[in-house]
Structures are given as structure tokens and as C-alpha cells.
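So that the names make sense, note that chain A is the first sequence line, chain B the second, and so on, each numbered from 1.
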There are 2 protein chains.
Amino acid sequence: MPTVSSEELAAAAGVNSAKLRKDFSYLGSYGTRGVGYDVEYLVYQISRELGLTQDWPIVMVGIGNLGAALANYGGFASRGFRVAALIDADPAMTGKSVAGMSVQHADDLEKIVDENGVSIGVIATPAGAAQQVCDRLVAAGVTSILNFAPTVLSVPDGVDVRKVDLSIELQILAFHEQRKAGEGAVDGAEGAGVGVEGPAAKVTRPTAGDDRKGPDGDVPAVMPA
Amino acid sequence: MPTVSSEELAAAAGVNSAKLRKDFSYLGSYGTRGVGYDVEYLVYQISRELGLTQDWPIVMVGIGNLGAALANYGGFASRGFRVAALIDADPAMTGKSVAGMSVQHADDLEKIVDENGVSIGVIATPAGAAQQVCDRLVAAGVTSILNFAPTVLSVPDGVDVRKVDLSIELQILAFHEQRKAGEGAVDGAEGAGVGVEGPAAKVTRPTAGDDRKGPDGDVPAVMPA
DNA sequence: CCATCTTTGTGCACGCGTTCACAAAGACAT
DNA sequence: ATGTCTTTGTGAACGCGTGCACAAAGATGG
């Protein structure tokens, strides 16, 4: 019986072993003192708690580049997700084959959701269509929505929405990049002050004093919309 | 001069106003007591601190569905990013127009990075090619990489990598979905125990006792790879 | 010019999560 | 069986971030 100790797992994950044990303990007592955790059993328990052992039929609405990319993404199937249908509003797309599936027309959205018992929908439409698609999905019985469109969706209580903004990660990289390069004054007169990971909110600035609201001369145009 | 108070901003964002003020204070003293914050000036200061006022040329490698979707994504330009080049290894893609740009061949990667002064690269290739592309980007001078390929990249010190796993968000939704539906026993014998947001790690279970390592009979196959 | 009102900037205290440290539990050798 | 050794599970302490509450600062009106 292959086992792992909390110590090994913690080292591999770069976390504290006590915390790891405490976290595991919330799932139940699955370890054996003096031995460790049965790998296979532990993996199963975590998978089950996370919902990875269930089959989740999902519908994808909006089969443009992004929708197609998602449909082809291998990571879904291995995590328990099954793409039950691809839906697009463009009649020219209807019937086309994407990722081995035939794209269906948006008119049939309600029927598709109902017949497949879908409770999770993915929206990859243009921003303008997202809210409308969202409303129809919710009306059809979908209770969780993953939104790739750059819009904030409004939904009734009881429906979960998660928004994916593909540029946020890029922005984080750019932030770090800025710190790497411009340690000494990039634009204004500071540059130092915020650390690059932890101590960002820890720094005790020089009690401000100068870099505050200048003579207004250094206030260029505002950020791009 | 249009202004906002920390109270208004906090209400809009759903956070505590004191924390918001404290956070702002790390950027300097940009508010006026009795009045609030000058909107335009505040936006500029935050933008500058976040690096949004700079122009970040980026290269995108791997122009498949995902790469094309990203190239067309409008959110980048408005955040200060400029797609300097699209690169693909497939000779059939070379010269094709995607998002108004001509796709260039991977052979020219080093030259492109150098000539455009690129320090941020986006990898949207298949998993198999990601590490190789990454190595070449780094060798060419790129110091930040956004990785969409399902691979963990290894890079030398000083290079930042952020991995985007498109299925993680979906998994979070599925987790919540599971709790919504299966309040009473989904598979095993528990089901209750973990709350749906905050108290997940707070629950005091019934001191375990039964649901622990059962008679082995209830240990189905392990999670899908 | 002084009084009053509004809102910032921040010291301080509280509470929560992380980590320490150890008793309990089981494996394994003798 | 008994003792030793390893590793878990968890009570308790520590430290950090959040939120409270207030003094300082500037606006505004008389």
C-alpha cells in the first residue's frame, strides 16, 4: 500500500505540514498514525469532496475562437466535465463540426439544457450577447455560469457566476515587470515603496510629504478606458 | 473637480472603507480631508502604480484557436498591452492574417523579441511545445511569461511565469454546484460538513468515528488522470 | 477670523488563520 | 506482550490583517 506522509506532501507543495494535516482532517480521519496517508484512498476522498468523481454535463454558448479553443481543451474531460453541447447564434455555424461535435443553433438552447440535465453553462459570446444568453440559460435551469465575455452579468439569487478576465494575469506580470525594471524612478519620483510579493502592503513609506498631490503639473491624461 | 469619498468607493466595491483608505495611503496621500479623492488624479495614480500607463509590447506564440481568441481580445489594448507579434511554428500559418496582423514564423522568434524590445510573452501552444518555446523566449530576453498550455514550465531565476488553467474556475463552480444539489448524501455517507464559502474550514465535524477509513469496500477507482 | 462640518489618515485592539508542539495511536521489532 | 519509533490529529499560542474609532486637516459658512 503506497503511502505519503504529511511532511512529504507539504515539502512538495511548499506549505506547512501541520496546516496540511489540519486541512485533511476536515475531510475526515483518513491517515494512519505512524504511517501516513494511503495515496489512492486520499486522492479518491479529495476528488469526491471536490466533485471530480461526478459527471458534469456543460453547454458552451458562443463558438468563436475562444469557444472553439475551450471545446478542444483537454483539461475538462479529465476533471469530470463533459461538453454536452456547443451552441451558437450564427446560422452559418449550425451543423459545423467543432472538436468532434456538431454545433447547434441557439434557438434550441432551452431544449438542450433540459434534455441533458445541464446545470453549468459556459458563455464565450461577444460582450453584447452575454447577458441575454445568461438570462436564457438561467431560465432554462442552469445554476452556475462561467463567463468569458467582458461583461458583468446580473443573475438572480441562487445562481453562481464566475468571470474570467484573460488580461488580469497579464496585468499582474506587467506589474512585476515594472518593478524589476524600474527600481529607480520610472515616471514619477518614487518607484520604491512597494515590494514584489509579500511586503507590498507592509512598507513604511517616508511619511509621505513630497510625492503627494504635486503642483498639478504632473497629471497627464487619465488611464485608457 | 469631481471627487469620491472612501465611503462611496467602499460601498460600491463591497469592502470596508477604512481598509480602502489604508490601501490608498500606501500609494501616498492623494485625498483631501473633508472632500474625498480627486477621481481623475486617483485613477492616474493607481494606473501608474499598476503599470497601466506604460506600453507593454507582447508576443503571442501559438496561433491556434486560443491564440487567435487572445489576439482578438479587446481587453489587452485598453490595459496598456500591445500585441507586437503573432508567432506560430506551422509554415501554413505564416503570413496569414489574424486580428489584423500577419502571423510570423517561429524561426524569427529571437529577432522579433529583440527588435520590439519585448519582455512579456504569451504561450498558447500545445503542451508539448510549451517548454521549448519558453526556453527560446527566455533566451531571447523575455522575463515574464503567461502560460496557457497545460504544462508546468521551468524557468531560471528572475523570470516570472503565470499559468492559466481554464478548467479551474469550472471546477470551483462544480464544487458549489455539488453543495447546492447534494446537501443530503451525494455518494458516500456525509454530504454535510463543509459550507459553501466562508465556513468551509470552520466546521466541527462529529469527531469523525464512522466515515473514516471504511472496510475498503467503498473505495472505487481513483480519480481520472 | 472663528466655528462647524466633513472626510482623510492611522494608532490600536480584536479576531482569525497559521504554526508550534505534544499527546494519542498505530506499526513494527524483540 | 511489551517497548520503541513514526506520524497523525489537534489544543493552544502567536502573529498578521481587518476594522474600529478618533485626531488632524481642510472646506465651508457666518
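- Following rounding to the nearest Å, A:Asn16 (CG) and D:dT8 (C1') show an atom-to-atom distance of 14 Å.
- Distance B:Arg33 CZ to C:dG9 C1': 5 Å, rounded to the nearest Å.
- Put simply, B:Ser6 has a side-chain N or O that comes within less than 4.0 Å of OP1 or OP2 on C:dT8.
- Around CD of A:Gln132, the count of heavy atoms belonging to other residues, nucleotides or ligands within 6.0 Å does not exceed 12.
- In this structure, A:Lys22 does not reach the D:dT10 phosphate: none of its side-chain N or O atoms is under 4.0 Å from OP1 or OP2.
- At whole-Å resolution of the value, CG in B:Asp23 and C1' in D:dG19 are 12 Å apart.
- Distance, A:Glu7 CD to C:dT19 P: 13 Å, rounded to whole Å.
- Across all strands shown, B:Tyr37 has heavy atoms under 4.0 Å from sugar-phosphate atoms exclusively, and none from any base.
- Atom CG in A:Leu27 sits roughly 15 Å away from atom C1' in D:dT8 (whole-Å rounding).
- The CG-C1' distance, from B:Leu9 to C:dT7, rounds to 13 Å in whole Å.
- For the pair A:Phe24 CZ and D:dT8 P, the computed distance is 10 Å after rounding to whole Å.
- Nearest-nucleotide mapping onto DNA chain C: of A:Val35 and A:Lys19, the residue sitting toward the 5' end is A:Lys19.
- Side-chain proximity of B:Ser5 to D:dG9, C:dG26, C:dT8: nearest is C:dT8.
- A distance below 6.0 Å separates the ring centres of B:Tyr30 and B:Tyr41.
- Remark: C1' of D:dC20 and CZ of B:Arg21 are 10 Å apart, rounded to the nearest angstrom.
- A heavy-atom distance below 4.5 Å is not found between the side chains of A:Asp160 and A:Arg162.
- Using a cutoff of 4.0 Å between basic side-chain nitrogens and carboxylate oxygens, A:Asp165 and B:Arg79 are scored as salt-bridged.
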